[in-house]
Peer 1: 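Below is the structure I would like to discuss, written out as structure tokens.
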Amino acid sequence: MDEGAPLHLQISDEKLLSLLQLPESMVLKVLSESMHIALSLRGHELFFTPNKAGQYERLFETLERLGELLNMGATLEEYDVRQAYLASAENTKEAASPVYQAVTLSVGKKSLHAKSPAQAAYMALLKNRDLIFAIGPAGTGKTYLAVAMAVAAFTAHKYERIILTRPAVEAGERLGFLPGDLAQKVDPYLRPLYDALRDMLESDQLERLFERGLIEVAPLAFMRGRTLNKAFIILDEAQNCTREQMKMFLTRLGPASRAVVTGDITQIDLPPQQKSGLLEALDILPAIPEIAFCRFSESDVVRHPLVAKIIAAYQQKEQKAAT
């Protein structure tokens with residue numbers, strides 16, 4: 001198509017059209033920013049004036065891929081729109097339709113799809129391994145996907161309980177020094193886990209499950225002495241476990257249970273004299289073939305595009321400091 005000539009593109013996919021018709025449509029906003037052009041929807045047609053050659057084809061392929069994702073049951077987010085547009089740069093159907101995005105998971109009120117090859121591999125491991133370590137930077141979906149799989153497996157009656165835990169390292173697990181009752185003391189450290197659950201379950205349903213003890217969110221210190229049977233267990237922020245805490249957690253695993261350990265080894269908040277239990281586990285446990293390990297990098301970050309660039313910048317500085 002000619003550069004600079006006003007063009008219009010017919011939108012035939014009804015699900016995609018509904019998203020484009022929303023006030024301040026996220027899809028139109030992201031595409032406008034990515035292409036540096038104004039996009040205007042009138043009826044079933046998208047009007048724009050390209051500022052470089054090939055934009056019509058890229059926009060067509062991007063919208064086609066977004067329609068495919070919607071029809072797979074996916075809930076589109078900004079990351080999906082940006083990735084679909086970036087993939088269309090190759091101008092091939094294969095580039096615009098990565099195989100990994102066909103890996104999906106329906107859970108509660110959400111329908112999720114893999115946003116990177118690492119996520120697809122992780123989702124496969126979550127379905128068939130009893131102990132999985134997921135290591136990588138913030139924003140790669142480690143915890144969110146684990147919670148999603150826990151909810152999906154629980155609602156399918158594969159497990160009787162969901163247990164989510166984190167080390168409260170910021171308070172040194174000396175929670176008595178903090179004001180308020182127990183819930184108020186630990187709430188700041190466990191809030192991300194609550195948020196993930198609320199994203200997948202209706203509030204009243206989640207409240208009932210909490211009341212019946214079928215979903216539990218607690219500091220890691222509260223796991224000591226327990227045997228966790230028929231449970232889907234997630235240890236989050238595991239880089240802040242001590243060696244003793246990690247061993248204690250791993251030995252809580254009871255019959256018919258599954259555990260997921262997530263962490264970011266670049267964000268260890270333990271005192272310098274304490275070795276991270278996650279680092280030790282990564283050193284000694286790979287020899288056990290039944291344990292699975294999934295590693296993410298900054299290229300798997302699914303938050304704002306700036307997050308991946310920030311992580312990469314910090315890594316470059318750390319590498320320079322180490323040389």
Peer 1: Report yes if the side chains of L31 and L59 come closer than 4.5 Å at any heavy-atom pair, otherwise no.
Peer 2: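 They are in contact (side-chain heavy atoms under 4.5 Å apart), so the answer is yes.
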Peer 1: Kindly indicate whether the side chain of L63, heavy atoms from C-beta on, has any atom under 4.5 Å from the side chain of I11.
Peer 2: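 Heavy-atom side-chain distance check passes, below 4.5 Å.
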Peer 1: With a sphere of 6.0 Å drawn around CZ of R129, does it hold more than 12 non-hydrogen atoms of other residues, nucleotides or ligands?
Peer 2: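 Atom CZ in R129 is packed in, count exceeds 12.
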Peer 1: With sequence neighbours left out, write down each residue that passes ring-ring contact (aromatic ring centres under 6.0 Å, His included) with Y159, or none if nothing qualifies.
Peer 2: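 Y159 satisfies ring-ring contact (aromatic ring centres under 6.0 Å, His included) with F232 only.
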Peer 1: For T227, enumerate each residue passing the side chain to side chain contact (heavy atoms under 4.5 Å, CB included) test, keeping only those at least two apart in sequence or located in another chain.
Peer 2: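 N229.
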Peer 1: If you measure from CG on L20 to CG on L39, what distance do you get to the nearest 0.5 Å?
Peer 2: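 Spacing of CG (L20) from CG (L39) equals 9.0 Å.
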Peer 1: V261 pairs by side chain to side chain contact (heavy atoms under 4.5 Å, CB included) with which of I234, L250, I132, L285?
Peer 2: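 So, applying the side chain to side chain contact (heavy atoms under 4.5 Å, CB included) to V261 and each of I234, L250, I132, L285, only L250 qualifies.
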Peer 1: Looking only at heavy atoms, what is the nearest atom pair of R65 and E68, with distance?
Peer 2: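 Smallest heavy-atom distance, with atoms named: NH1-OE1, 2.7 Å.
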Peer 1: Run M35 and Y85 through side-chain contact (heavy atoms from CB on, under 4.5 Å) and show every step you take.
Peer 2: CA-CA 9 Å; M35 301 176 69; Y85 178 70; 3.4 Å; yes
Peer 1: Can you give me the closest heavy-atom contact between A238 and S276, atom names plus distance?
Peer 2: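 Taking every non-hydrogen atom into account, O-OG, 4.3 Å.
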Peer 1: Once rounded to the nearest 0.5 Å, what's the spacing between atom CD of Q205 and atom CG of L197?
Peer 2: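 Atom-to-atom, Q205:CD and L197:CG are 10.5 Å apart.
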Peer 1: What I'd like to find out is whether the side chain of L206 reaches to under 4.5 Å of the side chain of R198, using heavy atoms alone.
Peer 2: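 Heavy-atom side-chain distance check passes, below 4.5 Å.
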Peer 1: Quick one: ring-ring contact (aromatic ring centres under 6.0 Å, His included) pairs with a partner in residues 258-293, sequence neighbours left out?
Peer 2: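 Matches after skipping sequence neighbours: F133-F293.
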Peer 1: Could you walk me through whether L66 and V81 pass the side-chain contact (heavy atoms from CB on, under 4.5 Å) test, one step at a time?
Peer 2: CA-CA 7 Å; L66 294 178; V81 181; 4.2 Å; yes
Peer 1: Could you tell me which residues satisfy side chain to side chain donor-acceptor pair (under 3.5 Å) with D264, sequence neighbours excluded, listed by chain and number?
Peer 2: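 Applying side chain to side chain donor-acceptor pair (under 3.5 Å) to D264 gives T266, Q267.
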Peer 1: If I take atom CD from residue Q21 and atom CG from residue L16, how far apart are they, to the nearest 0.5 angstrom?
Peer 2: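 Rounded to the nearest 0.5 Å, the CD-CG separation comes to 9.5 Å.
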Peer 1: Take L22 and L28 through the test side-chain contact (heavy atoms from CB on, under 4.5 Å) and record every step on the way to the result.
Peer 2: CA-CA 9 Å; L22 291 174; L28 288 181; over 6 Å; no
Peer 1: Stepwise, does the side-chain contact (heavy atoms from CB on, under 4.5 Å) test hold for D130 with I291?
Peer 2: CA-CA 7 Å; D130 287 337; I291 300 176; over 6 Å; no
Peer 1: Identify, with sequence neighbours excluded, every residue that meets side chain to side chain donor-acceptor pair (under 3.5 Å) alongside H44.
Peer 2: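 Side chain to side chain donor-acceptor pair (under 3.5 Å) check on H44 returns nothing, list empty.
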Peer 1: Using a 3.5 Å distance criterion without hydrogens, assess whether the side chain of Q55 forms a donor-acceptor pair with backbone atoms of N51.
Peer 2: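 It does hold such a pair.
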Peer 1: Can you give each donor-acceptor pair under 3.5 Å made by side-chain atoms of residues 142-154, sequence neighbours left out, with the distance rounded to 0.1 Å?
Peer 2:
residue : atom : partner : partner atom : Å
K142    : NZ   : G136    : O            : 3.1
K142    : NZ   : P137    : O            : 3.0
T143    : OG1  : D236    : OD1          : 2.5
T143    : OG1  : T262    : OG1          : 3.3
Y144    : OH   : D199    : OD2          : 2.4

Peer 1: Is the shortest side-chain heavy-atom distance between L235 and P167 below 4.5 Å?
Peer 2: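 Yes. Closest side-chain heavy atoms under 4.5 Å.
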Peer 1: Under 3.5 Å, is there a donor-acceptor pair linking the side chains of E237 and Q239?
Peer 2: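 Judged by distance alone, the side chains do pair up.
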Peer 1: Return the set of residues passing side chain to side chain donor-acceptor pair (under 3.5 Å) with S32 (not counting sequence neighbours), or none when no residue passes.
Peer 2: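 Partners of S32 by the side chain to side chain donor-acceptor pair (under 3.5 Å) criterion come out as none, since no residue qualifies.
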Peer 1: To check you understand the geometry: which heavy-atom pair defines the closest contact between C241 and L220, and what is its length?
Peer 2: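 Here C241 and L220 meet closest at SG-CD2, 3.5 Å.
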Peer 1: For the atom pair CG (L9) and CD (E64), what is the distance rounded to the nearest 0.5 Å?
Peer 2: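 One gets 10.5 Å once the value is rounded to the nearest 0.5 Å.
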Peer 1: Below 4.0 angstrom, N of the basic side chain to O of the carboxylate: do E78 and R82 qualify?
Peer 2: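 Between R82 and E78 there is a salt bridge, with a charged N closer than 4.0 Å to a carboxylate O.
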Peer 1: If you take all heavy atoms of D269 and N240, which pair is closest and at what distance?
Peer 2: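 Residues D269 and N240, closest heavy atoms: N-OD1, 2.6 Å.
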Peer 1: Answer whether the closest heavy-atom distance between the side chains of I215 and Y194 falls below 4.5 Å.
Peer 2: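 In short, these two side chains do not touch, never coming nearer than 4.5 Å.
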Peer 1: Is there a donor-acceptor pair under 3.5 Å between the side chain of R258 and the backbone N or O of K127?
Peer 2: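 Judged by distance alone, yes, a pair lies under 3.5 Å.
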Peer 1: Okay, side chain of E280, backbone of G277: is any donor-acceptor separation there less than 3.5 Å?
Peer 2: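 Pair absent, no side-chain N/O of E280 close to backbone of G277.
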Peer 1: Could you check whether any side-chain heavy atom of M223 comes within less than 4.5 Å of a side-chain heavy atom of M248, counting everything from C-beta outward?
Peer 2: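 SC-SC contact between M223 and M248 confirmed.
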Peer 1: If you draw a 6.0 Å radius around CD in E24, do more than 12 non-hydrogen atoms from other residues or ligands fall strictly inside?
Peer 2: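 Counting other residues, nucleotides and ligands, CD of E24 stays at 12 neighbours or fewer.
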Peer 1: When you compare the side chain of L193 with that of T165, does any pair of heavy atoms fall below 4.5 Å?
Peer 2: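 Not touching, per the 4.5 Å side-chain cut-off.
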Peer 1: Sub-3.5 Å donor-acceptor pair from the side chain of Q119 to the main-chain atoms of T140, do we have one?
Peer 2: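 Yes, the answer is positive, given that a donor and an acceptor are paired below the 3.5 Å cut-off.
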Peer 1: Should K247 and E244 count as an ion pair when the cut-off is N to O under 4.0 Å?
Peer 2: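 Answer for the salt bridge query: no.
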Peer 1: Could E216 and R226 be called an ion pair, given the rule that one side-chain N must be under 4.0 Å from one carboxylate O?
Peer 2: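 R226 and E216: salt-bridged.
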Peer 1: Heavy atoms only: give me the nearest L7-P50 pair and the separation to one decimal.
Peer 2: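 Looks like CD1-CG, 3.6 Å.
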Peer 1: Looking at residues at least two apart in the chain, or sitting in another chain, which of them share a side chain to side chain contact (heavy atoms under 4.5 Å, CB included) with D204?
Peer 2: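 Partners of D204 under the side chain to side chain contact (heavy atoms under 4.5 Å, CB included) test: E202, R208.
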Peer 1: Report the residues that fulfil side chain to side chain donor-acceptor pair (under 3.5 Å) with E160, sequence neighbours left out, ordered by chain and then residue number.
Peer 2: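 For E160, no residue satisfies side chain to side chain donor-acceptor pair (under 3.5 Å) once neighbours in sequence are set aside.
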Peer 1: So which atom in K15 and which in D13 form the shortest heavy-atom distance, rounded to 0.1 Å?
Peer 2: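 Closest approach of K15 to D13: N-OD1, 3.0 Å.
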Peer 1: Rounded to the nearest 0.5 Å, how far apart are CE of M123 and CG of N128?
Peer 2: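 So the CE of M123 and the CG of N128 are separated by 12.5 Å.
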Peer 1: Once ring-ring contact (aromatic ring centres under 6.0 Å, His included) is applied, what residue pairs with a partner in residues 5-27 remain, sequence neighbours excluded?
Peer 2: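 Passing the test, one end in residues 5-27: H8-F47.
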Peer 1: S257: which residues meet the side chain to side chain contact (heavy atoms under 4.5 Å, CB included) condition with it, sequence neighbours left out?
Peer 2: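 Expected list: A231, I233, L253.
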Peer 1: Holding to side chain to side chain contact (heavy atoms under 4.5 Å, CB included), I want the full list of residues that pass it with I265, two or more places apart in sequence or in another chain.
Peer 2: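 By the side chain to side chain contact (heavy atoms under 4.5 Å, CB included) rule, I265 matches I135, L278, L279, L282.
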